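Quick caveat, the model's predicted, so the values are computed rather than measured. In what follows, chains are A, B, ... by sequence order, proteins preceding strands, each numbered from 1.
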2 protein chains.
Amino acid sequence: MDNLISVATENFLKTVYTLGNSIGKNTRPGTVARELGITNAAATDMARKLSAKNLLDYTKYRELKLTSEGEKMALGVIRKHRLWETFLHRVFGLSMHEIHREAEQLEHFTSDFLTERLSLFLGHPTTDPHGDPIPDASGVFNNGNTEVLPLSQATEGEKYTVSRLQGSDKEYFDFCQQNDLKVNSVIRIINRYPNNRMTEVEVKKRKLLLHEDLTSTITVSKMPSSLEFHNRKRQNP
Amino acid sequence: MDNLISVATENFLKTVYTLGNSIGKNTRPGTVARELGITNAAATDMARKLSAKNLLDYTKYRELKLTSEGEKMALGVIRKHRLWETFLHRVFGLSMHEIHREAEQLEHFTSDFLTERLSLFLGHPTTDPHGDPIPDASGVFNNGNTEVLPLSQATEGEKYTVSRLQGSDKEYFDFCQQNDLKVNSVIRIINRYPNNRMTEVEVKKRKLLLHEDLTSTITVSKMPSSLEFHNRKRQNP
DNA sequence: TTTAAAATTTAAGCTAACTTAAATTATATT
DNA sequence: AATATAATTTAAGTTAGCTTAAATTTTAAA
Ligand SMILES: [Mn+2]
Ligand SMILES: [Mn+2]
Ligand SMILES: [Mn+2]
Ligand SMILES: [Mn+2]
C-alpha cells in the first residue's frame, strides 16, 4: 500500500480539477489525455487507479469527478504552482511565459513546509502574476468575490479592470504587455461587433480592436479596484 | 534512445562522485547502494545501465569511475543542490539541517536556465552554508586553493578557521551553533590527546574538548581569512 | 431507427527502477 | 594454500506509467 503521490498523479488530478472548473470543457479521460500529452488508454488506466485510491470517482464512459480528497490534493499542487510563479516573477524577474514552465516542475517537489515559507516570504499572495487565484494552505480561495467575466462578454460602454490573462506563450504575453493589457489595467469597452466576434476597447487612451480568440482569454471584473478604493476610504476616514 | 536523465540516475552519479572524492571511502556498488538506501542488486544493475550510456566505467567487482560526461552531470546536480541550500538559508531562513532535505529534491527539477538566475540572484556564491564548494556552470570550483584538513588532524598550538561543517542532523548543527563552531569561526588548537582521540580547542575565549567523531567532520584551513585579508591589502594599497 | 463516426475501454506489451533469493567471486583468516 | 566470510552479481519477479492495436460503447447523422 504505497501512499506516496507521484508526479503523474499530481498532474492528472490538477488537470481534472482545472478542466472541471473551465466553462465549455469536460473531464472525460480523452480530454485529460490530450491536455497531458498521453494516450486515451493511459488516461483511462490512470482513472481506474486513482479511483481505487479514492482520489476520484470513475464510472465507465462518464466524466471524472474528484473526491474531496482528490480535490484537496489538486488544490495543493495548484497552490504550489502559483506561489512559485509569483516568486519566480517577483524575485528572479522571470517573464510571464517563463514562470509556468519552471513552476510546472517545482510544484511536485516542494514540501508543505517549504511551501508555507514561500508563501510567508511573498506575504501570502492571493493571486499569481497571471491573475490566477492562489488557494490557502487548506485549499480555500480568499479572493474578494467580485464578479468576473471574459472580456468577450463585457458590456459596451462599461469600464472594467483586467483580472486574469489566460494565455501561455511568449507572443501572447508580449502582445498584452505591448498594449498595456496587464493584470489591473483599466479597460473601457467602446464597441462590440458580435457578428465579427470583435471588440473595440480603450486602454490607456489607446484604442484596440481585439478578436474573440484573444478577448475570451482575458478575464475582467467590473472595476473592482475602484470599489476597493471606495471601501478603504470608508474604513479609514 | 531516451536521452533524458532521471532522478535515480542523477542521485546515483552524485553519490559516486561524492564517495570518490571522500577519503577512506570507495565507489563500489554496495557502498553506493547503502548511501542511496537501495539494494546491492539495484546498484549493480544501475551501474551496468549507466555504463552503457557512457556515464561511468564499470568493470565487474571493481570500483565505479565516472566518465567526464558522468562527472559533468554529477557536478551539475551538486551545483543546483548547493545553490538551493544557499538560497533557502539566506532568503527563506531555513536552518542548516532543513536545507539539505529540500535541496535534495529541488536539485532534480531546476532547469539550467533557472539555475543561472538563482546563482545570479545570490551573487554567484562559491560556497554553500555548510562551507561546501559550489562549482560554476561549467563544473569548475573557483575556491581560493587554501589547504584544508580535518580538525582531527590540526596541529597543536596553531590557529585555523572553520571552512566546512560536514554533519547533517539537527543535533549536530545545534551543537555547533551553540558552541560557535560556524563556517569562518576562528579556532585555536590547545591540546591534542591522540590516544583518546580528543582535541581541546578554543573558540571565542571558550575552551571545548571534542571527540574525533566530531573533529573529523569539521574541515579547517590555516587562517585563510587573514591570508585573504593580506592579499586584498596588497592588491588594493 | 438504423448506421456511421468518434470516443472510450480492454488487451497485450514495454521500460525504468526497484525487490528477494540464489549463484558467483573476492578477501581475509587460519 | 585451503577455507570461511563478505561482497557482488545474476536471475526472476514486481509496479508505475506509459505505448499500440483491437474491441466495445456512445453519439451524431442519415
Ligand atoms: Mn506539473
Ligand atoms: Mn499562473
Ligand atoms: Mn537528490
Ligand atoms: Mn551543503
A:F92 vs B:F121 aromatic rings, parallel, tilted or perpendicular, using cut-offs 30° and 60°?
tilted
Which label fits A:H130 and A:F173: parallel for a plane angle under 30°, tilted from 30 to 60°, or perpendicular past 60°?
tilted
Separation of atom [atom1] in [X] from atom [atom2] in [N], rounded to whole Å:
X     : N      : atom1 : atom2 : value
B:Y58 : C:dT25 : OH    : C1'   : 11 Å
B:K49 : D:dT9  : NZ    : P     : 15 Å
A:L4  : C:dA17 : CG    : P     : 17 Å
B:E63 : C:dT25 : CD    : P     : 20 Å
B:M46 : D:dT9  : CE    : P     : 15 Å
A:D45 : D:dT20 : CG    : P     : 14 Å
B:N26 : C:dA26 : CG    : P     : 16 Å
A:R34 : D:dC18 : CZ    : C1'   : 19 Å

Under 4.0 angstrom between [X] side-chain N/O and [N] OP1 or OP2:
X     : N      : result
A:R28 : C:dA7  : no
B:K60 : D:dT10 : yes
B:Y61 : C:dT27 : no

Verify the distance criterion only: is there a donor paired with an acceptor across the side chains of B:E212 and B:T215 at less than 3.5 Å?
no
Exercise: do B:E147 and B:S221 side chains pair donor with acceptor under 3.5 Å
no
Could you check which of [options] has an atom nearest any side-chain atom of [X]?
X     : options               : answer
B:I38 : C:dT19, D:dG17, C:dT8 : C:dT19
A:T39 : C:dT25, D:dT19, C:dT9 : D:dT19
A:N40 : D:dC18, C:dA17, C:dT9 : C:dT9
B:T44 : D:dG17, D:dT8, C:dA17 : D:dT8

Counting the atoms with a prime plus P, OP1 and OP2 as sugar-phosphate, which does [X] contact under 4.0 Å by heavy atoms, base, sugar-phosphate, or nothing?
X     : answer
A:F12 : nothing
A:A41 : base
B:R48 : sugar-phosphate
A:A8  : sugar-phosphate

Tell me whether the count of non-hydrogen atoms from other residues, nucleotides or ligands lying under 6.0 Å of CZ in A:R101 goes above 12.
yes
